[in-house]
2 protein chains.
Amino acid sequence: MDKETPAQDDVVDEAISASDIPRIALIEQLFFAYRDFTADPDRILSRFGFGRAHHRALYFVSRRPGMTVAELISLLDITKQSLSRVLRQLIDSGHIRQIEGQTDRRQRLLYPTRAGRELVLDLSWPQSRRIDRALQLADLGDDELVSRFLRAMRNSAPQGGQGEDNASGSGKLES
Amino acid sequence: MDKETPAQDDVVDEAISASDIPRIALIEQLFFAYRDFTADPDRILSRFGFGRAHHRALYFVSRRPGMTVAELISLLDITKQSLSRVLRQLIDSGHIRQIEGQTDRRQRLLYPTRAGRELVLDLSWPQSRRIDRALQLADLGDDELVSRFLRAMRNSAPQGGQGEDNASGSGKLES
DNA sequence: AGGAATATGTCAGTACTATTGACTTAATTT
DNA sequence: AAATTAAGTCAATAGTACTGACATATTCCT
């Protein structure tokens, strides 16, 4: 008689809400924000047949020109074999070039070419503009508060000053 | 003579910086924050042999119990065939149950079981705690500012009040 | 009533990305 | 000289997503 709601046993009818998960609103907002944030570069990447792995590799090489293959592998936290394909494509397409290390000639130091530099800027500009727009829309003058929040979201947030100059914060990504 | 820096032509030696991309710091911080943010549930999911697709499906079904398969497909923006595998596993593992629609018997309305409810809470709690901790560390009293920022990061940000009660903000995810 | 459209599910084939493991070459370190 | 390191490659496997085609049951429309 009372089957207006699905009366199946062991079925939960009630939606999860902030009373179950206090920060559920932010969880969801972060999900959608990041989704749209990555959609911009994804569109550009697809024109080259590239994916996000190419974006990350090119980005970090541009952020730290002259890094070794081993460093990039450690930073991206992928296997040598996975990077191999991505790196090969980026080299073949003329976005990255390898140069034999001067002190250690086993090393193949990674540098972006001018084309690589252009691409990484193309990929990053929409993201930078989106952040700018969001800061304005949200009526936050500078990025200090958001920056503090995002840094605090990390596992071992390097709470150091703003002048951090490395590309990873801690040199190695703790998964 | 002057080959201290890699003198290869068409190679860029200088790192990209805030002078190239004004919001480069936030771009990077958002990347690392989201990476660590998703690592928590990923660890739990792997114990079930699940991936992020399972998380998203279970999450949205828990957020809106009784949604149809078509609605979930549209929300996740994946194909029917892709959802099929994920949904099958979630059903076989007893986390989601399908109930024939009362008004439209073609529909298979999706509900979390008690186990599904438990799992989605397990997955969301670490994320909620991480956000809580970050808000405290960043010395932001409530989440109002961060929430405004994240909402403004979306493509078509529903700038409406905080009382949004749907799981997507706009009912359909614009890719 | 009967045909069109809808909701769901499934099969087959393809592609991409990432994995592990084993091995090679060249250069450096000990 | 032997061990180690940096980089690259080959082979096999797995996970995830895709397209296209098709099947079934149900509802909508005329």
Side-chain angles (χ1 to χ4, degrees), chain A residues 6 35 38-39 41-43 45-58 61 64 66-93 96-111 172-173 175, chain B residues 6 35 38-39 41-43 45-58 61 64 66-93 96-111 172-173 175:
Chain A
R35 183 191 175 90
T38 52
D42 281 355
R43 263 188 297 277
L45 289 160
S46 69
R47 295 205 295 263
F48 292 84
F50 291 164
R52 274 191 212 168
H54 300 81
H55 186 180
R56 289 195 293 268
L58 181 59
V61 168
R64 221 192 267 180
M67 80 192 315
T68 67
V69 172
E71 282 167 350
L72 184 55
I73 286 171
S74 155
L75 199 61
L76 296 178
D77 196 24
I78 59 177
T79 59
K80 187 172 45 165
Q81 296 87 333
S82 286
L83 180 62
S84 154
R85 178 188 53 90
V86 169
L87 203 49
R88 172 89 358 246
Q89 291 173 294
L90 284 168
I91 289 169
D92 289 348
S93 63
I96 284 184
R97 184 163 294 179
Q98 294 181 304
I99 297 180
E100 192 175 72
Q102 307 146 354
T103 63
D104 187 338
R105 282 167 45 228
R106 290 173 304 182
Q107 294 178 334
R108 300 288 174 266
L109 307 184
L110 302 171
Y111 290 89
K172 178 175 178 82
L173 299 182
S175 159
Chain B
R35 182 190 176 93
T38 52
D42 281 354
R43 263 189 298 275
L45 289 161
S46 69
R47 295 206 293 264
F48 293 83
F50 291 165
R52 275 191 212 167
H54 300 83
H55 186 182
R56 288 195 294 266
L58 180 60
V61 168
R64 222 192 264 179
M67 79 190 315
T68 67
V69 172
E71 282 167 349
L72 185 55
I73 286 171
S74 155
L75 199 62
L76 296 179
D77 196 24
I78 58 177
T79 59
K80 186 172 45 164
Q81 296 88 334
S82 286
L83 179 62
S84 157
R85 179 188 53 92
V86 169
L87 204 49
R88 172 88 359 244
Q89 291 173 293
L90 284 167
I91 290 169
D92 290 348
S93 63
I96 284 184
R97 186 163 293 180
Q98 294 181 303
I99 297 180
E100 192 175 72
Q102 307 146 356
T103 63
D104 186 338
R105 284 167 42 229
R106 291 172 303 182
Q107 295 178 333
R108 301 286 175 268
L109 306 184
L110 302 171
Y111 290 89
K172 179 176 176 79
L173 299 181
S175 161

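Proteins get letters first, then strands, A, B, ... in listed order; numbering begins at 1 in each.
Each of A/Arg108 and A/Leu83 was assigned the nucleotide of DNA chain C with the nearest heavy atom; the assignment lying further toward the 5' end belongs to A/Leu83. Between A/Thr103 and B/Ser84, the residue anchored closer to the 5' end of DNA chain C is B/Ser84, taking for each the nucleotide with the nearest heavy atom.
Closest to the side chain of A/Val86, from the set C/dA27, C/dA18, C/dG9, is C/dA18. Closest contact between the side chain of A/Lys80 and the listed nucleotides C/dA7, C/dG9, D/dT9 involves D/dT9. Comparing C/dT20, D/dT27, D/dT5 by their nearest atom to the side chain of A/Gln81 picks out C/dT20. When distances run from any side-chain atom of A/Arg88 to the nucleotides C/dT8, D/dT9, D/dT19, the shortest one goes to D/dT9. Nearest nucleotide to the A/Arg56 side chain, out of C/dA18, D/dA7, C/dT19: C/dA18.
Rounded to whole Å, atom P of D/dT26 lies 10 Å from atom CZ of B/Arg106. For the pair B/Ile73 CD1 and C/dG9 C1', the interatomic distance rounds to 10 Å; values are reported in whole Å. Here D/dT16 presents its P atom at 14 Å from CG of B/Leu76, a figure rounded to the nearest Å. Atom pair B/Asp104:CG and D/dT24:C1' shows a separation of 14 Å (rounding to whole Å applied). Rounded to a whole Å, the CD1 atom of B/Ile99 is 14 Å from the P atom of C/dT8. Atom C1' of nucleotide D/dG8 and atom CG of A/Leu109 are separated by 16 Å, given to the nearest angstrom. When rounded to the nearest whole Å, the span between CD of A/Glu100 and C1' of D/dA6 equals 12 Å. Distance CG (A/Asp92) to C1' (D/dT9): 15 Å, rounded to an integer number of Å.
Residues A/Asp77 and B/Arg35 meet the side-chain proximity criterion, which asks for heavy atoms closer than 4.5 Å. You'll find the side chain of B/Glu100 reaches within 4.5 Å of the side chain of B/Arg108, heavy atoms only. By the 4.5 Å heavy-atom criterion applied to side chains, A/His55 and A/Thr38 are not counted as neighbours. The shortest distance between side-chain heavy atoms of A/Leu45 and A/Asp42 falls below 4.5 Å. With contacts defined as side-chain heavy-atom distances shorter than 4.5 Å, the pair B/Leu110/B/Leu87 qualifies. Using a 4.5 Å heavy-atom cutoff, the side chains of A/Thr68 and A/Leu109 are in contact.
Between B/Ser82 and D/dT16 there is no side-chain N or O to OP1 or OP2 distance below 4.0 Å. Dashed line: the shortest gap from a side-chain N or O of A/Arg105 to OP1 or OP2 of C/dA27 is under 4.0 Å.
No donor-acceptor distance shorter than 3.5 angstrom exists from the side chain of B/Arg85 to the backbone of B/Leu83, with no hydrogens or angles considered. A/Arg105 places no side-chain N or O within 3.5 Å of a backbone atom of A/Thr103 that could act as its donor or acceptor partner.
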Give every pair of a protein N or O atom and an N or O atom of nucleotides 13-17 of chain C that lie under 3.5 Å apart, one pair per line with the distance.
residue: C/dT17; atom: OP2; partner: A/Arg85; partner atom: NH1; Å: 2.7

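The base of D/dG8 is not paired with the side chain of A/Gln98 by any donor and acceptor separated by under 3.5 Å.
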